[in-house]
Amino acid sequence: MIAHRAAHRAPARPQAAAKPVRWAADTVATMREGARLRLDYSTQSLWRVDRMIEELRREQTPYAAVESVLRGFGAYAGEVIVRRAEGGAEWLEADGGHWIRTADGRLWDPADEARRCFAGHGSLRLLCRDATAI
């Protein structure tokens with residue numbers, strides 16, 4: 001019976017995924033409870049995330065006040081990529097950051113893209129589109 005149950009478990013995620021997966025889940029919970037924003041790990045939900053970041057920028061929120069929020073939004077976008085990428089994608093930890101490697105070998109930095117979005121030069125939605133396109 002134990003072997004039968006083990007066959008139905010989800011595949012193990014790399015250790016590098018532990019932190020960003022937790023940050024993404026925390027972001028989903030925080031947005032649901034605090035902002036009444038439902039994030040469902042769909043590519044469409046990244047439109048809402050981009051708008052939230054844009055709103056923070058327009059309000060001239062100091063970067064230090066939103067740094068961890070941006071990290072969470074980046075982790076969320078990374079999880080969308082991991083879950084939606086054709087051929088698969090995985091989290092990597094390198095140079096003190098967390099990256100996504102897609103099946104074609106390309107590397108993506110969703111946390112940096114969230115920071116770029118806050119600066120007015122990026123889009124998590126477009127990052128996901130590019131990373132999941134074949």
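Below, all heavy atoms of this structure are taken into account, side chains as well, without hydrogens, waters or symmetry copies.
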Show me the side-chain donor-acceptor pairs of residues 116-129 shorter than 3.5 Å, one per line, residues at least two apart or across chains.
from, atom 1, to, atom 2, distance (Å)
Arg116, NE, Glu113, OE1, 3.3
Arg116, NH2, His121, O, 2.6
His121, NE2, Ala119, O, 3.4
Ser123, OG, Asp50, OD2, 2.6
Ser123, OG, Arg125, N, 3.3
Ser123, OG, Leu126, N, 3.1

### Working for side-chain hydrogen bond (donor to acceptor under 3.5 Å, both in side chains), residues Glu79 and Trp91
CA-CA 9 Å; Glu79 265 303 286; Trp91 284 102; 2.8 Å; yes

Sorted by chain and number, sequence neighbours left out, side-chain hydrogen bond (donor to acceptor under 3.5 Å, both in side chains) with Asp104 holds for Thr102, Arg106

Quiz item: Is the backbone of Thr132 close enough, under 3.5 Å, to the side chain of Arg84 for a donor and an acceptor to pair up by distance?
Solution: no

Given side chains that start at C-beta, do those of Arg48 and Asp40 come closer than 4.5 Å, heavy atoms only? yes

Distance col, row Thr61:OG1 vs Leu56:CG, nearest 0.5 angstrom, shows 5.0 Å

Show me the side-chain donor-acceptor pairs of residues 17-31 shorter than 3.5 Å, one per line, residues at least two apart or across chains.
from, atom 1, to, atom 2, distance (Å)
Thr27, OG1, Trp23, O, 2.9
Thr27, OG1, Gly72, O, 3.4
Thr30, OG1, Asp26, O, 2.8

| query | Is it the case that one hydrophobic cluster holds both Tyr63 and Val69, taking links as side-chain heavy atoms less than 4.5 Å apart, direct or via other members? | reply | yes

_Within the structure provided, determine whether Arg58 and Glu54 are in side-chain contact (heavy-atom separation under 4.5 Å)._
yes

In this structure, CG of Leu107 is separated from CG of Leu92 (nearest 0.5 Å) by 6.5 Å

Closest heavy-atom pair, Ala103 versus Gly87, reported as atoms and distance to 0.1 Å, is CB-O, 3.3 Å

In this structure, OG of Ser68 is separated from CZ of Phe73 (nearest 0.5 Å) by 10.0 Å

Main chain of Leu39, side chain of Ser45: is a donor-acceptor contact present, judged purely on distance under 3.5 Å? no

Review point. Are any non-hydrogen side-chain atoms of Glu93 and Trp99 less than 4.5 angstrom apart?
Key: no

Exercise for the section: Kindly indicate whether the side chain of Glu55, heavy atoms from C-beta on, has any atom under 4.5 Å from the side chain of Glu59. Expected result: yes

